[in-house]
Amino acid sequence: MGSNPFDDPLPGNQPREIHIHVEKVPAECKRPKRFNRAIAVTCIFGSAVVLGFVFGGFWGSDTLVSSVPAEDIKANTPSHRLGKRGLEGRFQSLIDGKIEIAEILNDLEFSDSARPNPSVPPLSEPFPYGIKPIRGINLGGWLVLEPFIKPSLFKPYNEGIEKVPAPNITDRIVDEYTLTKALGQDKAYGVLMEHYETWVTEETFAKVAQLGFDHVRIPLGFWAVKTWEGDPYVPRLSMGYFLQALEWARQYGLRVNVDLHSAPQSQNGWNHSGRQGQVHWLAKGTTNGTQEISQMLEIIDALTQIAVAPRYKNTIRIFGVLNEPNMRQMEVHQLLRFYDSAYRLARGAGFDGWISVSEGFIGLDKWKGKMQRYEGIMLDAHVYQIFDPYSMKSTYRDKVVNGICQGAKNYIKNSDNLETGFGPTIIGEWSAADTDCAMWLNNVGQGSRWDGTFYDEQGNLTAKSCPKCSCKYRGQSSVWPSGYQQFLQMYVDAQIDAFSGSYGFFFWNFKVEGGSEPHWSYFDLVDLGIAPANIAEPSFSCAEVERVPKIFNMTIAPKL
């Protein structure tokens with residue numbers, strides 16, 4: 001049978017300190033440890049200027065369209081043969097260019113009386129942010145593709161590398177950019193429409209509400225609004241489904257966090273930005289900052305006009321202006337300039353909800369004292385222990401007790417407090433994963449740090465996290481030892497407890513295709529009895545750490 005792949009990675013299960021991994025802050029963000037608020041604001045925003053741009057206007061002819069005429073996109077595609085299983089006729093008409101979006105936004109026949117559960121106020125009344133924690137979930141892999149969430153869209157083009165890393169093979173289909181480019185507009189239109197129709201439906205929202213969630217976070221690509229010359233993305237299509245999602249959210253009383261998940265040419269170089277590779281948007285040494293910011297503000301303008309419309313203003317209560325910009329590779333002063341302009345634009349248009357900005361991989365503590373003159377703004381942190389080698393190879397007990405109940409809980413609590421950190425903080429993403437073993441989690445053709453099949457940025461194969469660390473059986477819940485299931489339950493519940501001490505959280509993700517990776521699928525975790533069937537009622541809390549076994553029973557069946 002060999003070594004047990006579920007045993008604790010450290011010999012003898014010796015405790016090990018959990019590290020909250022914080023990268024070195026870029027030079028542009030460095031500040032003296034002591035400075036007053038006026039100096040901080042001047043230092044951060046002194047270089048901000050009023051951008052001289054002219055919005056294309058959400059209603060203009062150059063938005064929600066691409067360089068390919070709509071009639072050419074629709075010609076010879078299977079889109080209409082797919083039917084309208086989940087899409088109302090008016091949203092299909094919007095996609096087809098038969099009506100303007102104003103006809104939908106100006107429709108005042110709706111009700112904001114719904115609530116997802118009795119403990120949450122109806123949409124017509126304010127949600128008590130800061131008093132009651134957000135309990136949210138992500139609808140990832142839908143309107144922005146991710147290979148590890150929906151691998152069937154990418155497997156036909158990557159045969160043979162499902163489990164064998166192949167990072168040096170070029171010209172592969174690895175993200176939405178390369179997929180739509182390879183398929184062409186006609187075929188991509190049909191493929192994406194089929195995906196949009198089936199991946200999220202009204203039943204998805206019904207189940208989210210049933211599980212006790214009160215918010216959904218919807219990642220959205222910029223191509224839902226506009227594309228530029230050279231972009232292969234299918235324009236317009238995802239906007240219709242996004243608006244349909246808002247209708248379903250309102251129907252079940254769920255508030256929405258609209259998360260702009262991508263910037264033109266990528267803000268982080270990862271596939272979930274739409275384009276894998278290098279950071280190009282506001283990259284270090286960039287000379288096109290004003291133009292690149294202007295492009296994003298066109299998208300912000302369009303989405304804000306949806307968010308302030310009477311039909312959706314009580315549904316869209318959080319606007320994430322950009323997901324995970326990699327500040328380590330960006331001109332930070334330009335990013336702050338963008339945040340400032342996006343904030344002013346949204347507020348000027350009448351958006352009175354929360355605006356969230358990403359922590360950007362520099363560490364929550366580096367945001368203390370920043371952006372304090374902005375009202376209604378929150379910091380979005382994504383908390384995963386699986387990309388840090390120190391945390392991954394810690395014992396199961398330490399992951400719960402030290403990693404979450406002490407480390408992450410205090411880290412988030414300090415950030416959420418104006419006296420010790422930024423102030424209002426949300427956990428926009430977290431999961432049940434204790435390793436990075438999920439296929440293509442680290443990009444198509446990329447392996448895992450856990451089992452030593454991961455290639456770093458220089459193309460070097462990294463060492464295994466521990467001598468006996470193996471990804472074998474990690475995604476196969478049918479063979480998980482009872483002790484591993486017990487650990488996961490405590491691991492999930494501990495995070496619910498820890499993150500409830502902030503403004504709230506959003507689990508990533510609602511599901512993964514075919515149940516292939518339950519660690520990332522809340523729906524599957526509930527079915528397995530690991531995650532609570534009511535997110536507000538976990539069976540374990542950090543006040544009960546004495547219940548965490550020193551050693552979990554990882555006895556496995558002989559067949560393994």
Are there more than 12 heavy atoms of other residues, nucleotides or ligands under 6.0 Å from atom NZ of K132?
yes

Does a side chain donor of either R275 or S262 reach within less than 3.5 Å of an acceptor in the other side chain?
no

Sequence-distant partners of S521, side chain to side chain donor-acceptor pair (under 3.5 Å), two or more places apart
D524

Residues D493 and S539: side-chain donor-acceptor under 3.5 angstrom
yes

Answer with yes or no whether the side chains of Q244 and Y196 bring together a donor and an acceptor at under 3.5 Å.
no

Between H261 and L220, is any pair of side-chain heavy atoms under 4.5 Å apart?
no

For the residue pair Y522 and F507, is the inter-centroid distance of their aromatic rings smaller than 6.0 Å?
yes

Listed once per pair and sorted, the ring pair (Phe, Tyr, Trp, His ring centres under 6.0 Å) pairs that draw on residues 92-115, sequence neighbours left out
none

Could you pull out all residues at least two apart from F319 that satisfy ring pair (Phe, Tyr, Trp, His ring centres under 6.0 Å)?
none

Applying ring pair (Phe, Tyr, Trp, His ring centres under 6.0 Å), can you list everything that pairs with W270, at least two apart in sequence or on another chain?
H272, F361

Can you name the residues that form a side chain to side chain donor-acceptor pair (under 3.5 Å) with Q406, not counting sequence neighbours?
none

Mind checking ring pair (Phe, Tyr, Trp, His ring centres under 6.0 Å) for Y177 and listing every partner two or more places apart, or none if nothing turns up?
Y233

With sequence neighbours left out, which residue pairs that include part of residues 351-363 fulfil the salt bridge (Lys or Arg N to Asp or Glu O under 4.0 Å) condition?
R317-D352

Indicate, with yes or no, if the rings of W430 and F506 have centres closer together than 6.0 Å.
no

Donor-acceptor pair between E513 and W199 side chains, under 3.5 angstrom:
no

Does anything in residues 273-308 form a ring pair (Phe, Tyr, Trp, His ring centres under 6.0 Å)? List the pairs, not counting sequence neighbours.
W281-F338

Walk me through whether K226 and D231 qualify under salt bridge (charged side-chain N to carboxylate O under 4.0 Å, His left out).
CA-CA 10 Å; K226 180 174 182 176; D231 284 336; over 6 Å; no

Under the side chain to side chain donor-acceptor pair (under 3.5 Å) rule, collect the residues that match up with S356, sequence neighbours excluded.
none

Looking only at side-chain N and O atoms, does E202 offer a donor or acceptor that is under 3.5 Å from a partner on Q251?
yes

Is there a side-chain contact between Y343 and E375, using heavy atoms and a 4.5 Å cut-off?
yes

Could you walk me through whether T286 and E292 pass side-chain contact (heavy atoms from CB on, under 4.5 Å), step by step?
CA-CA 10 Å; T286 183; E292 292 170 354; 3.7 Å; yes

By ring pair (Phe, Tyr, Trp, His ring centres under 6.0 Å) - contacts of F422 (at least two apart)
none

Does D416 have any side chain to side chain donor-acceptor pair (under 3.5 Å) partners at least two apart in sequence or in another chain, and if so, which?
none

Does a donor on one side chain and an acceptor on the other come within less than 3.5 Å for R135 and N534?
no

Taking the six-membered ring for Trp, are Y384 and W508 ring centroids under 6.0 Å apart?
no

Do the side-chain N and O atoms of N138 and N509 include a donor-acceptor pair separated by under 3.5 angstrom?
no

Go through the steps to decide whether R311 and E247 satisfy the test salt bridge (charged side-chain N to carboxylate O under 4.0 Å, His left out), and finish with yes or no.
CA-CA 9 Å; R311 189 170 189 86; E247 298 290 326; 2.8 Å; yes

Which pairs with one or both residues in residues 121-131 pass side-chain hydrogen bond (donor to acceptor under 3.5 Å, both in side chains), sequence neighbours excluded?
Y129-H215

Do Y241 and F91 have their ring centres less than 6.0 Å from each other?
no

Q278 atom CD, over 12 foreign heavy atoms within 6.0 Å:
no

